[in-house]
Amino acid sequence: MGNIIRKHGELYKTLTDDVLNQCCSVTGFTPEVIRKEHDKFFDVAGDGRLKKEYMEELIGDYMPQVSGKRLKYLTNCIFSAIDTNNDGYIDFLEYLMSIKFFQTESPIEKADFIFRIMDKNGDHLVTRKEIARLLECLEDYHKNSSNSSITSVMSGGVKPAANFVLAKLDEDKSGLIGMSEFVDGWLKDETIRTLFTF
């Protein structure tokens, strides 16, 4: 009889009308965008399961220009945020959703995505260390900022900047930032938005 169970990545390999409609429905992208991204994705991830080491090739245009350890850390964080089923790979729909989050104009969706990037361990809380690590990745990006608030916050380095963020957003004074605290701060404070936008 044979094995009828398909590997998860293979589900999207053939862009049937049903798969196309599902992708359009979930992402809001047009069929043309889906087809273009489908070709791009499967050129890199032939089996439909994108490995971390190939992620930068696909989403590099959306990432800030960083290098070395910072790039590796940022890539790992973004990969963890995108790999929503935690299987160690990114499938086509997860890839599309990452593009949607990078391109979204919705402040709540953007805040949610940035929070998930910071929350590398997935415990739904962000520590001072996690904040500092992401700010370290964005440090060179912010050095060229013309925003005086950003240059002021980042002038002392990433640890004082992380302390600033924690003091600003930690409403319950737990020493941790939850999703709602981050989203609330993102919506209310332009400096917070600018610090974490890339």
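Counting from 1, the numbers follow the sequence of the chain as shown.
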Output side-chain donor-acceptor pairs under 3.5 Å for residues 16-24, partner residues at least two apart or in another chain, one line each.
{"unit_1": "T16", "atom_1": "OG1", "unit_2": "V19", "atom_2": "N", "d": "3.1"}
{"unit_1": "N21", "atom_1": "ND2", "unit_2": "D17", "atom_2": "O", "d": "3.1"}

Show me, pair by pair, the donor-acceptor contacts under 3.5 angstrom made by side chains of residues 128-138, not counting sequence neighbours?
{"unit_1": "R128", "atom_1": "NH1", "unit_2": "N163", "atom_2": "OD1", "d": "2.5"}
{"unit_1": "E130", "atom_1": "OE1", "unit_2": "T127", "atom_2": "N", "d": "2.9"}
{"unit_1": "E130", "atom_1": "OE2", "unit_2": "K120", "atom_2": "N", "d": "3.4"}

Can you run down the side chain to side chain donor-acceptor pair (under 3.5 Å) pairs that involve residues 148-160, sequence neighbours left out, and say none if there aren't any?
-> none
Within residues 187-198 or reaching into it, pairs that qualify as side chain to side chain donor-acceptor pair (under 3.5 Å) - sequence neighbours excluded | K168-D189, D184-K188
Listed partners of Y95 passing ring pair (Phe, Tyr, Trp, His ring centres under 6.0 Å), at least two apart | F41
Sorted by chain and number, sequence neighbours left out, side chain to side chain donor-acceptor pair (under 3.5 Å) with D119 holds for none
Residues two or more places apart in sequence or in another chain: which of them pass side-chain contact (heavy atoms from CB on, under 4.5 Å) with E32?
-> T30, R35
Residues forming a ring pair (Phe, Tyr, Trp, His ring centres under 6.0 Å) with Y89, sequence neighbours excluded | none
Output all residues satisfying side-chain contact (heavy atoms from CB on, under 4.5 Å) with D172, sequence neighbours left out; order by chain, then residue number.
-> D170, S174, E181
F29: partners by side-chain contact (heavy atoms from CB on, under 4.5 Å), with sequence neighbours left out | T27, V33, I34, L96, I99, K100, Q103
Taking only residues two or more places apart in sequence, or in another chain, which ones meet F102 in a ring pair (Phe, Tyr, Trp, His ring centres under 6.0 Å)?
-> Y62, F113
Spacing of I90 atom CD1 and M55 atom CE [to the nearest 0.5 Å] = 5.5 Å
Sequence neighbours excluded, which residues qualify as side-chain contact (heavy atoms from CB on, under 4.5 Å) partners of P160?
-> none
